[in-house]
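Heads up: the structure comes next, in structure tokens.
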Amino acid sequence: MTPGASGTPRALPGASGPVLLVVAHGSRDPRHAATVAALCARVRAERPWQRVEVGHLDFNAPSVPQVLERLDGEGVREVIALPLLLNRAFHAKTDIPAVLREATARLPRVAVHQADVLGPHPLLVAALERRLREAGLPSADAPGTGVVLASAGSSDPEAIAVIAETAREWRRATGWRAVRPAFASASPPRTADVVRALRADGVRRVAVAPCVIAPGLLPDRIVEGAREAGAEVLAPVLGDAPELARLLLLRYEQALSGRLATTAA
């Protein structure tokens, strides 16, 4: 591999490597699967020689075990499973490892390495900023703008702490008047409450930046809260943002480097 423009390793065109298996949560909402498919299509466009597959934990097909069974039947012997998650909460720590263990116990010829979750990372913040600009918020307005960093929420203290730290770092880096976290479930405060609190603190313009990948029940709650409290700017979900696609490839490369280092040791 060679260094990319950002200083991260980049695979050479035509180089072979493990299959990238993107592990999505899944949803009854059809917008979710369509958004995941669009994101993976952008990943393939970024690196056409990289094989990218998608497996779901629930609701959608194919499931992760189904994808691994198919790959085993095709003779694939190595896979890097990348959780399509923004922080290390229950799914990353428990659900996905359990699914992968169970599947590989039945498919001993396939070696599966789990990559890290996507966040936190500057590319994630860059994707959030892109969506805010697309929603009509110019960066020149930063001093008069308060941003609500709205995530799905979690009962995991580590996940909550990551969102709070991302909000602090984002404010320091960009000069927004304020960046405060909000959550659609599990933990307070809710999006509408943070919008109102910013307004009470004298913030002239409030923007809501959903820190979620795809539409669904919890992202819809973020939208409802933003509209209910009268936020001036509401960004779309991260979806197939180019920065998010590059972040997927970066996490793949990091997992690959870790696997190579372990093998060499």
Side-chain angles (χ1 to χ4, degrees), residues 25 27-32 34-35 85-87 89-91 118-122 124-241 243-244:
H25 182 275
S27 172
R28 293 186 178 90
D29 189 322
R31 296 174 298 168
H32 179 94
T35 302
L85 301 169
L86 300 179
N87 53 52
F90 180 79
H91 293 304
L118 299 178
H121 194 275
L124 179 57
V125 175
L128 289 163
E129 291 178 351
R130 171 186 290 274
R131 293 309 193 214
L132 282 174
R133 291 195 303 272
E134 291 172 349
L137 181 64
S139 56
D141 287 351
T145 300
V147 176
V148 181
L149 181 62
S151 76
S154 173
S155 58
D156 188 308
E158 180 184 352
I160 298 300
V162 166
I163 294 296
E165 179 60 22
T166 298
R168 288 190 292 270
E169 291 294 330
W170 194 9
R171 181 185 180 279
R172 282 194 288 266
T174 59
W176 302 117
R177 176 165 173 180
V179 180
R180 297 182 187 173
F183 307 97
S185 68
S187 302
R190 298 292 181 256
T191 301
D193 296 331
V194 179
V195 172
R196 294 188 183 104
L198 287 168
R199 191 87 66 213
D201 288 345
V203 173
R204 178 168 52 87
R205 179 186 291 103
V206 178
V208 174
C211 191
V212 292
I213 294 173
L217 175 64
L218 296 182
D220 282 351
R221 289 183 186 173
I222 294 172
V223 172
E224 291 166 4
R227 290 174 176 166
E228 172 194 333
E232 283 80 10
V233 178
L234 172 61
V237 297
L238 296 170
D240 64 344
E243 297 84 359
L244 200 61

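Positions are given from 1 along the sequence.
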Are the side chains of [X] and [Y] in touch, meaning some heavy atoms are under 4.5 Å apart?
X: T35; Y: P215; value: yes
X: V212; Y: L218; value: no
X: L132; Y: T145; value: no
X: F183; Y: P189; value: yes

Taking G230's backbone N and O only, do any of them form a donor-acceptor pair with R199's side chain (distance below 3.5 Å, no angle check)?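 The answer is yes, because a donor-acceptor pair under 3.5 Å joins these two groups.
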Any donor-acceptor N/O pair, R131 side chain to P210 backbone, under 3.5 Å: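 The answer is no, because no donor-acceptor pair under 3.5 Å joins these two groups.
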Identify the heavy atoms of [X] and [Y] that sit nearest to each other, and give their distance.
X: A235; Y: A135; answer: CA-CB, 3.8 Å
X: E129; Y: W170; answer: OE2-NE1, 2.9 Å
X: C211; Y: I163; answer: SG-CD1, 4.4 Å
X: A89; Y: A159; answer: CB-CB, 4.0 Å
X: G239; Y: L244; answer: O-CD2, 3.3 Å
X: R205; Y: L137; answer: CD-CD1, 3.5 Å

Out of the candidates L149, D193, D201, only one should pair with R180 under the side chain to side chain contact (heavy atoms under 4.5 Å, CB included) rule; please name it.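 Going through L149, D193, D201 one by one, the side chain to side chain contact (heavy atoms under 4.5 Å, CB included) with R180 is satisfied by D201 alone.
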Spacing of [atom1] belonging to [X] relative to [atom2] belonging to [Y], to within rounding of 0.5 Å:
X: R221; Y: T191; atom1: CZ; atom2: OG1; value: 10.5 Å
X: H32; Y: H25; atom1: NE2; atom2: NE2; value: 7.5 Å
X: S151; Y: I222; atom1: OG; atom2: CD1; value: 6.5 Å
X: L234; Y: E224; atom1: CG; atom2: CD; value: 11.0 Å

Checking T166 against L124 for the side chain to side chain contact (heavy atoms under 4.5 Å, CB included) test, could you report, in this order, the C-alpha distance in whole Å, the side-chain angles of both residues, the deciding distance, and whether it holds? CA-CA 10 Å; T166 298; L124 179 57; 5.8 Å; no
Is any side-chain N of the basic residue among R196 and E228 closer than 4.0 Å to the acidic one's carboxylate O?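 Here R196 pairs with E228 in a salt bridge, since their nearest N and O are under 4.0 Å apart.
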Which residues share a salt bridge (Lys or Arg N to Asp or Glu O under 4.0 Å) with R168, sequence neighbours left out: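 For R168 the salt bridge (Lys or Arg N to Asp or Glu O under 4.0 Å) partners, ignoring immediate neighbours, are E165.
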Test V237 against R31 for side chain to side chain contact (heavy atoms under 4.5 Å, CB included), laying out the working first. CA-CA 11 Å; V237 297; R31 296 174 298 168; over 6 Å; no
